[in-house]
Structures are given as structure tokens and as C-alpha cells.
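Along the sequence shown, residues are numbered consecutively beginning with 1.
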Amino acid sequence: MRAFALGLCLLIAGCGGTGINFLDDFDGVVIEPIGKSFSSLGDRVKFEVPANAFAQTVTMTIAEALGLPTLPFILLATAFDVRVTGGVAQKDIGITVAFNPADLGNIAESTLTIFRIVNGDAQAISNPVVDEAANTVTVQVGDPNGTFVVGHQP
């Protein structure tokens, strides 16, 4: 809850930094070659790892991300970082992120996607699926490593 409140504070205050920081609280999940579906960060992020996505057992670490660049089209309260150790994904992995409709203002939910932050730039992940009833956005990624955040197409 503390992480969410701090992330929300960043969203409302419009502050941000040049470097991405991660909270000490993180989830470490062991994923075997048979695949796994699991939630993280208080059910705000869900992962769908299909069978044989990894050839061997790996560990996925998920942490709240803070200090992202303040861009008008991203919802900082949704930011998180993923790191996989022990292997490289061989299949796409589904990532579903919950968002708070109250944070959208005049933004249409249908324009939301998940962005990967690369060198301070937000790169939209293609083919998002927005579930307006569940307030979630889902994407498929070949490489689950990186910092992700929900936003709308500028």
C-alpha cells in the first residue's frame, strides 16, 4: 500500500526524476518450464507465462518503479520493473496491468496501452487489449525484462 500511495503521490504532484528507482519490497517468483499464471504487487500486475516459455527454471523479480520521467501520457502509479534471471523467454508472456479510472481524467480507456521505458523514452507495446469492465490493459511481450507503465497513445 505504501508503494501505491507513493506512486500516486508522484502522479498527482507531477514530480519525477531522471533515474528509475525501485522499492525494496519486491516479489520473487520461481517459474518452471511448465509455465505459470500469477499476480504481483497486490494483484495490480498479472503474468501469464505459457508452458515452455523458458527452457529451464527461472526467477522473475517484480518491483514498484519510482522516479520515471514525468510524461503527460503515462500513469506513474502503475509503473513496475521486471527482471528474469536464469534464462531467456522463448515465447510471448502476457502482462496485465490494472489502472484506476479516476486517474484518467479526459483520457479514453480505449487509448490505453503499456509502455516499456527505454533510456528515458516510453515505447508503446503494440496490440494492447483494454478491458474497460475490469479496468485492465493486457499486452504480450517476447522479453519480459524492463520497466513498464500504463499510458495512452499521445
Side-chain angles (χ1 to χ4, degrees), residues 1-32 35-49 53-54 57-89 92-105 107 109 111-126 128-132 134-154:
M1 187 66 174
R2 175 189 67 150
F4 179 74
L6 185 54
L8 189 56
C9 170
L10 287 173
L11 174 66
I12 292 169
C15 52
T18 56
I20 299 173
N21 298 306
F22 310 103
L23 293 183
D24 292 335
D25 298 335
F26 62 88
D27 292 332
V29 179
V30 174
I31 302 169
E32 297 181 2
K36 188 171 200 162
S37 297
F38 65 96
S39 297
S40 182
L41 302 177
D43 289 338
R44 287 187 304 130
V45 182
K46 297 180 189 226
F47 295 87
E48 186 68 38
V49 181
F54 295 100
T57 300
V58 300
T59 301
M60 187 179 287
T61 304
I62 303 98
E64 185 96 24
L66 304 172
L68 270 66
T70 302
L71 302 171
F73 56 89
I74 63 173
L75 304 177
L76 291 174
T78 65
F80 63 98
D81 189 74
V82 179
R83 297 291 170 214
V84 176
T85 54
V88 176
D92 285 350
I93 294 171
I95 301 175
T96 300
V97 183
F99 61 87
N100 184 347
D103 293 340
L104 298 180
I107 299 168
E109 290 183 20
T111 66
L112 295 177
T113 190
I114 297 175
F115 290 84
R116 185 189 304 257
I117 306 297
V118 178
N119 297 324
D121 292 326
Q123 299 176 354
I125 298 173
S126 60
V129 176
V130 178
D131 183 337
E132 294 183 25
N135 299 320
T136 60
V137 181
T138 301
V139 294
Q140 300 290 318
V141 296
D143 178 7
N145 289 288
T147 302
F148 300 90
V149 63
V150 173
H152 69 96
Q153 297 290 347

For the residue pair [X] and [Y], establish whether any side-chain heavy-atom pair is separated by less than 4.5 Å.
X: L75; Y: H152; result: no
X: V137; Y: T78; result: no
X: F47; Y: V82; result: yes
X: D27; Y: F80; result: no
X: T85; Y: T61; result: no

Side chain of [X], backbone of [Y]: donor and acceptor closer than 3.5 Å?
X: N145; Y: V84; result: yes
X: K36; Y: V30; result: yes
X: T113; Y: I125; result: yes
X: R44; Y: A77; result: yes
X: S40; Y: I62; result: no

Minimum heavy-atom distance [X]-[Y], with the two atoms named:
X: V49; Y: I31; answer: CG1-CG2, 3.8 Å
X: P101; Y: E109; answer: CB-OE2, 3.9 Å
X: R116; Y: F148; answer: NH1-CZ, 3.6 Å
X: A122; Y: F73; answer: CB-CE1, 3.9 Å
X: A89; Y: F54; answer: N-CE2, 3.4 Å
X: L68; Y: A79; answer: CD2-CB, 3.7 Å

Spatial distance of atom [atom1] ([X]) from atom [atom2] ([Y]) [nearest 0.5 Å]:
X: K46; Y: F38; atom1: NZ; atom2: CZ; answer: 12.0 Å
X: I114; Y: Q140; atom1: CD1; atom2: CD; answer: 10.0 Å
X: L76; Y: I74; atom1: CG; atom2: CD1; answer: 4.5 Å
X: L104; Y: T111; atom1: CG; atom2: OG1; answer: 8.0 Å

Next on the checklist: We want to know whether T57 and E32 form a side-chain donor-acceptor pair, criterion being a heavy-atom distance below 3.5 angstrom.
Outcome noted: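 Absent: no donor and acceptor within the cut-off.
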